[in-house]
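Atoms considered below: every heavy atom in the structure, side chains included; atoms not considered: hydrogens, waters and symmetry mates. The structure presented is a predicted model; accordingly, all values stated were derived computationally and were not measured.
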Amino acid sequence: MDNPPQLNPNPDENTTDDQRQKEALAAFTATLHSVGTNLEAPLRDRAANIQSNAAALERQEAELAENTQRLARQNQQWVGLADETREGLKEIGDVQNWAEMIERDLLALEDMMDNVEKGGEHGSEDGSDTELNGGVENGNANGHVEIDANGKKVDQPPKGWLRWW
């Protein structure tokens with residue numbers, strides 16, 4: 001059979017065992033605190049660093065949002081300028097086209113007037129005007145003239161007031 005633990009008849013020995021246990025417990029607790037402190041210090045430093053970085057990131061985020069809004073406004077201004085320029089170029093193109101059409105019409109009129117003037121000087125013997133009736137030299141009978149890509153009459157020097165054109 002098992003014998004119950006026997007108490008030490010000397011009470012001083014019980015006290016020393018209790019004291020040893022208390023000391024061992026205190027040493028163990030101190031070791032745990034030491035290990036905890038050694039692990040806690042770098043974690044506290046990291047947490048402080050994270051907090052300071054978070055504040056810097058929030059500041060940078062606010063600056064970025066402000067810069068983005070400023071760029072968006074500037075982009076809208078540039079879009080407006082591009083639209084205005086595009087419309088201006090369309091108008092210039094329309095004016096140029098209109099001017100070319102007027103120039104063609106004026107060239108045709110000028111050629112027709114030249115033909116009329118020549119027709120009066122070079123009429124046929126029977127009195128009919130052959131140049132006005134289909135024998136037009138530099139165009140056709142209805143006053144149309146061949147025009148190149150630059151709007152000039154083909155194979156004809158400019159005449160009259162359009163020479164400067």
Side-chain angles (χ1 to χ4, degrees), residues 26-165:
F28 180 72
T29 305
T31 303
L32 285 179
H33 283 300
S34 173
V35 170
T37 303
N38 288 341
L39 295 177
E40 179 187 24
L43 291 176
R44 284 187 186 270
D45 291 342
R46 286 184 188 172
N49 191 16
I50 288 171
Q51 284 180 337
S52 67
N53 287 344
L57 287 174
E58 287 174 3
R59 221 177 14 257
Q60 290 175 358
E61 182 182 5
E63 288 175 13
L64 180 63
E66 182 181 326
N67 289 338
T68 302
Q69 288 175 353
R70 193 173 326 129
L71 286 174
R73 285 191 301 267
Q74 187 174 18
N75 189 32
Q76 288 300 321
Q77 290 174 348
W78 287 348
V79 166
L81 179 64
D83 289 343
E84 288 176 21
T85 304
R86 190 177 308 112
E87 289 299 319
L89 288 174
K90 282 182 185 178
E91 289 177 14
I92 289 172
D94 290 345
V95 168
Q96 182 179 2
N97 188 28
W98 175 76
E100 288 173 359
M101 288 174 48
I102 289 176
E103 180 184 11
R104 283 187 209 121
D105 290 346
L106 288 173
L107 288 172
L109 287 172
E110 183 180 2
D111 190 51
M112 193 170 18
M113 292 304 295
D114 284 346
N115 288 333
V116 167
E117 289 174 3
K118 287 179 186 177
E121 296 173 6
H122 302 291
S124 63
E125 293 177 6
D126 62 353
S128 65
D129 195 359
T130 57
E131 287 192 22
L132 290 177
N133 292 332
V136 179
E137 292 178 18
N138 296 324
N140 60 22
N142 60 7
H144 290 289
V145 178
E146 293 291 323
I147 307 289
D148 68 2
N150 294 327
K152 302 291 182 189
K153 291 191 279 187
V154 177
D155 296 326
Q156 296 177 357
K159 301 175 189 170
W161 66 277
L162 289 174
R163 273 180 250 173
W164 59 271
W165 197 277

**Complete:** Sorted by chain and residue number, the side chain to side chain contact (heavy atoms under 4.5 Å, CB included) partners of Asp83 (sequence neighbours excluded) come out as Val79, Arg86
**Request:** Would you please name every residue forming a side chain to side chain contact (heavy atoms under 4.5 Å, CB included) with Arg73, sequence neighbours left out?
**Result:** Gln69, Arg70
**Asked** Can you tell me how far CG of Asp114 sits from CG of Leu107, rounded to the nearest 0.5 angstrom?
**Response** 10.5 Å
**Item:** OG1 on Thr37 to CG on Leu32, rounded to 0.5 Å
**Value:** 10.5 Å
**Any residue meeting side chain to side chain contact (heavy atoms under 4.5 Å, CB included) with Ile102, in chain and number order, not counting sequence neighbours** = Trp98, Leu106
**Message:** My understanding is that only residues two or more places apart in sequence, or in another chain, count here; which of them pass salt bridge (Lys or Arg N to Asp or Glu O under 4.0 Å) with Asp94?
**Reply:** none
**For Thr85, side chain to side chain contact (heavy atoms under 4.5 Å, CB included) partners two or more places apart** = Leu81, Leu89
**Asked** Would you say Asn115's side chain and Asp111's backbone share a donor-acceptor pair under 3.5 angstrom?
**Response** yes
**Request:** Sequence neighbours left out, what pairs pass salt bridge (charged side-chain N to carboxylate O under 4.0 Å, His left out) with at least one residue falling in residues 39-52?
**Result:** Glu40-Arg44
**Item:** Sequence-distant partners of Asn38, side-chain hydrogen bond (donor to acceptor under 3.5 Å, both in side chains), two or more places apart
**Value:** none
**By salt bridge (Lys or Arg N to Asp or Glu O under 4.0 Å) - contacts of Glu91 (at least two apart)** = none
Compile the donor-acceptor pairs under 3.5 Å between side chains in residues 56-64 and protein atoms, sequence neighbours left out, one pair per line.
none

